[in-house]
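A short write-up of the structure that comes next.
Keep in mind it's a predicted model, so treat the numbers as computed, not measured. Basis for what follows: all heavy atoms, side chains included, without hydrogens, waters or symmetry-related copies.
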Amino acid sequence: MAPAGIAPDALDRPHFIGIGGAGMSGVAKVLVQRGARVAGSDSKDSPIVAALRELGATVHIGHAAGNVAPDATSVVISSAIRADNLELVTARERGIPVVHRSDALAALMNGHRPIAVAGTHGKTTTTSMLAVSLRTLGLDPSYVIGGDLDAPGSSAEHGGGEIFVAEADESDRSFHKYAPEVAIILNVELDHHANYASMDEIYDSFRTFVERIRPGGTLVISADHPGARELTAKVAGREGLRVLTYGEAADADVRVLDVVPHGLTSEVTVRLAKGLGGDDDSEIAFTVSVPGRHYAHNAVAALAAGAALDVPARDLAPAIASYTGVKRRLQLKGTAADVQVIDSYAHHPTEIAADLEAIRGGAGEGRVLVVFQPHLFSRTQELGAEMGEALALADASVVLDIYPAREDPVPGITSDLVIDAAARHGADVAAEHDRSAIPGLIAGMAKPGDLVLTMGAGDVTDLGPEILARLQTRRARSALRNPASRES
């Protein structure tokens, strides 16, 4: 059964505008695997596009009216698609139904037991942890994640099991379309300033999401995060809703007793309330194979959500260790000249600080060097000072120009907002407007034992391999100058 407003056959022959995007590609992949004849377009070719083609999707490079097939049953868009896009205009002129990505995802969840993961930070990691661990247990879940687990196109899978795990995006209120059996809310903060003017609007939006939980369903929510606790108070007492809290707070249903870092992993110990881990209160210790306290808490949220669906916690906990990361979430890109290069998607001040604190624990005596690219003019306008303050946790930072994504420039809003704030907090920070200069600059700065983070939600991620190549070249030249230093 399709969601209200979508005809039952609308997704039989869909055309996706921007099919190579992180969110769109996952929905397209599941539809292909379910037998739909999927087509779409994207501005450029990519490994994700290649993976979709290999599955049988038709993908055009570039946007043109002729890309939309005459027999298309719908045109699927995300909030990033502008109203004047040629293919969207064509669909409206032909009377082809236009379907938002969130409606398509909601349709995919029908007939399953959905877990929807929401929150200002940590959605992709937590969704990935659940998908991987449930798959490890042989439960064969379907899932749609906002990032690739390993190979391109691994952001989604149609499984044969009854559980469907998906990210629930609050940025454009599209998570109001879902009706999960279990909803996770990791944290609640002000972000997405183009769509939300205040925390009151954020709370109202998350409360609407909670109201969409199926009768008899469960809300899994942080007991530590102030915004999450405030939201819990606002939704308390709703009939037919079970609330499970997790975190370090004394009143948490799944209480984090200890997080012990071991390099780039952590050992986590939790105590589960009666009925979750057995007949009595019980303690479970397990490994989280990514660094940082915030990722440990994501893992505990996943554990609580599994328990809400009657997946035994003592089985799920060790399975969570099989999750080794998702692309762009503290992803090790490689090592050259004894310098590790790591990629981070962090773009909100809370995320930046959390990732830098996590990496600091694994840096040992080495320095943490950051290449940061602010994301969106609206976010930088509102949070640039906090971004700069967070960057002060690094030993040195280089800040690129703002990555605009879908936004037009805002007069007076530049990366100087971040740089000036970082300098005020004692940071060693510099601007670099020429992106092509970064690999040489960082290779010149980095010393053996250092960690380099490329950080931000834009194309800063592409710099990692270039930095590694430059470091490798530097090492080779050093070996030529000093033969005794060559490896045997």
*Keeping the roles fixed (side chain from R34, backbone from L108), state whether a donor-acceptor pair exists under 3.5 Å.*
yes
*Hey, are R113 and E181 close enough for a salt bridge, meaning a charged N less than 4.0 Å from a carboxylate O?*
yes
*Sequence-distant partners of E386, salt bridge (charged side-chain N to carboxylate O under 4.0 Å, His left out), two or more places apart*: none
*For D416, what residues pass the side chain to side chain donor-acceptor pair (under 3.5 Å) criterion, not counting sequence neighbours?*
none
*Do the non-hydrogen side-chain atoms of Y323 and S128 ever get within less than 4.5 Å of each other?*
yes
_Y403: which residues meet the ring-ring contact (aromatic ring centres under 6.0 Å, His included) condition with it, sequence neighbours left out?_
H375
*Counting only N and O atoms by type, is there a donor-acceptor contact under 3.5 Å from the side chain of R367 to the main-chain atoms of A396?*
no
*Only counting residues at least two apart or in another chain, list the ones meeting salt bridge (charged side-chain N to carboxylate O under 4.0 Å, His left out) with E389.*
none
*Should V311 and L139 be marked as a side-chain contact (heavy atoms from CB on, under 4.5 Å) after you check the CA-CA gap, both sets of side-chain angles, and the distance that decides it?*
CA-CA 10 Å; V311 179; L139 296 177; 4.0 Å; yes
_Applying side chain to side chain donor-acceptor pair (under 3.5 Å), can you list everything that pairs with Q33, at least two apart in sequence or on another chain?_
E157
*Distance-only, no hydrogens or angles: does the K333 side chain make a donor-acceptor pair with backbone N or O of P465 under 3.5 Å?*
no
*Does V339 offer a backbone N or O that forms a donor-acceptor pair with the side chain of D450 under 3.5 Å?*
no
_Any donor-acceptor pair under 3.5 Å linking the side-chain atoms of D172 with those of S174?_
yes
*Do N187 and S222 have a side chain donor and acceptor closer than 3.5 Å?*
no
_In the structure I gave you, are the side-chain heavy atoms of V452 and I342 within less than 4.5 Å of one another anywhere?_
no
*So do I320 and L303 actually touch side chain to side chain, heavy atoms under 4.5 Å?*
yes
*Tell me, which pairs form a ring-ring contact (aromatic ring centres under 6.0 Å, His included) where one or both residues lie in residues 296-317, sequence neighbours left out?*
none
*Contacts of R207 that satisfy side chain to side chain donor-acceptor pair (under 3.5 Å) - sequence neighbours left out*: D204
*For residues L52 and I19, determine if any side-chain heavy atom of one lies less than 4.5 Å from a side-chain heavy atom of the other.*
yes
*Return the set of residues passing side-chain contact (heavy atoms from CB on, under 4.5 Å) with L257 (not counting sequence neighbours), or none when no residue passes.*
R255, T269, R271, E283
*Step by step, would you call D395 with D428 a side-chain contact (heavy atoms from CB on, under 4.5 Å)?*
CA-CA 7 Å; D395 291 290; D428 180 355; over 6 Å; no
*Roughly how far apart are L186 CG and H294 NE2, rounded to 0.5 Å?*
11.5 Å
_Sidechain-backbone polar pair: S142 side chain, G159 backbone, donor-acceptor under 3.5 Å_ = yes
*Rounded to the nearest 0.5 Å, how far apart are CG of L272 and CG of D253?*
9.5 Å
*Is any side-chain heavy atom of M24 less than 4.5 Å from a side-chain heavy atom of V76?*
yes
*Give a yes or no answer on whether the side chain of H348 reaches the backbone of T350 with a donor-acceptor pair at less than 3.5 Å.*
yes
*State yes or no: are the ring centers of Y178 and F209 separated by less than 6.0 Å?*
no
*asked:* Applying salt bridge (charged side-chain N to carboxylate O under 4.0 Å, His left out), can you list everything that pairs with R229, at least two apart in sequence or on another chain?
replied: D251
*When you look at I352 and F372, which way does the side-chain contact (heavy atoms from CB on, under 4.5 Å) test go after all the steps?*
CA-CA 10 Å; I352 296 167; F372 179 64; 3.6 Å; yes
*Does one side chain, of D401 or Q373, offer a donor that lies under 3.5 Å from an acceptor on the other?*
no
*OG1 of T245 to CG of D224: how many Å apart, nearest 0.5 Å?*
9.0 Å
*Side chains of T125 and N298, donor plus acceptor under 3.5 Å*: no
_If we ignore hydrogens and angles and just use 3.5 Å, is the side chain of T126 paired with the main-chain N or O of K123 as donor and acceptor?_
no
*Check for a donor-acceptor pair, side chain of T218 on one end and backbone N or O of V243 on the other, with a separation under 3.5 Å.*
no
*asked:* I'd like to check the side chain to side chain donor-acceptor pair (under 3.5 Å) partners of H121; sequence neighbours left out, ordered by chain and number.
replied: E189, E351
*H176 and S205 side chains, donor-acceptor separation under 3.5 Å*: yes
*Taking all non-hydrogen atoms of both residues, which atom of A431 and which atom of I419 are closest, and how far apart?*
CB-CD1, 3.3 Å
*Quick one: does L369's side chain get under 4.5 Å of L453's, heavy atoms only?*
no
*Which heavy-atom pair separates A22 from S155 by the least distance, and what is that distance?*
O-OG, 4.2 Å
_Which heavy atom of M387 sits nearest to which heavy atom of P349, and what is that distance?_
N-CG, 3.7 Å
_I need the minimum non-hydrogen distance between A296 and V268, along with the two atoms involved._
CB-CG2, 3.7 Å
*Hey, what do you get for CG (L316) to CG (L134), rounding to the nearest 0.5 Å?*
6.0 Å
_Treating Q331 as the side-chain partner and S344 as the backbone partner, does any N or O pair qualify as donor plus acceptor under 3.5 Å?_
no
*Got a sec, which residues hit ring-ring contact (aromatic ring centres under 6.0 Å, His included) with F164, two or more places apart in sequence or on another chain?*
H112
_When you compare the side chains of T335 and Q340, does any donor N or O come within less than 3.5 Å of an acceptor on the partner?_
no
*Heavy-atom closest contact (R314 atom, S282 atom, distance)*: NH2-CB, 3.3 Å
*asked:* Rounded at 0.5 Å granularity, tell me how far CZ in F16 sits from CG in L31.
replied: 5.0 Å
*How far apart are the closest heavy atoms of P318 and A313, and which atoms are they?*
CD-O, 4.5 Å
*asked:* Let me confirm one number: the CE-CG distance from M455 to D343, rounded to the nearest 0.5 Å.
replied: 9.5 Å
*Report the C-alpha distance between I402 and I413 in whole Å, list the side-chain angles of each, state the deciding distance to 0.1 Å, and finish with yes or no for side-chain contact (heavy atoms from CB on, under 4.5 Å).*
CA-CA 9 Å; I402 296 170; I413 303 304; 4.1 Å; yes
*All salt bridge (charged side-chain N to carboxylate O under 4.0 Å, His left out) counterparts of E201, not counting sequence neighbours*: R173
*Are side-chain N/O atoms of S171 and D169 paired as donor and acceptor at under 3.5 Å?*
yes
*R293/E248 salt bridge by N-O under 4.0 Å criterion*: yes
*Side-chain contact test, heavy atoms from C-beta onward, threshold under 4.5 Å: evaluate it for L400 versus I438 and give yes or no.*
yes
_Quick one, D355 and I359 - any side-chain contact, counting heavy atoms below 4.5 Å?_
no
*Would a distance-only check, ignoring hydrogens and angles, find a side-chain to backbone donor-acceptor pair under 3.5 Å from H347 to Y345?*
yes
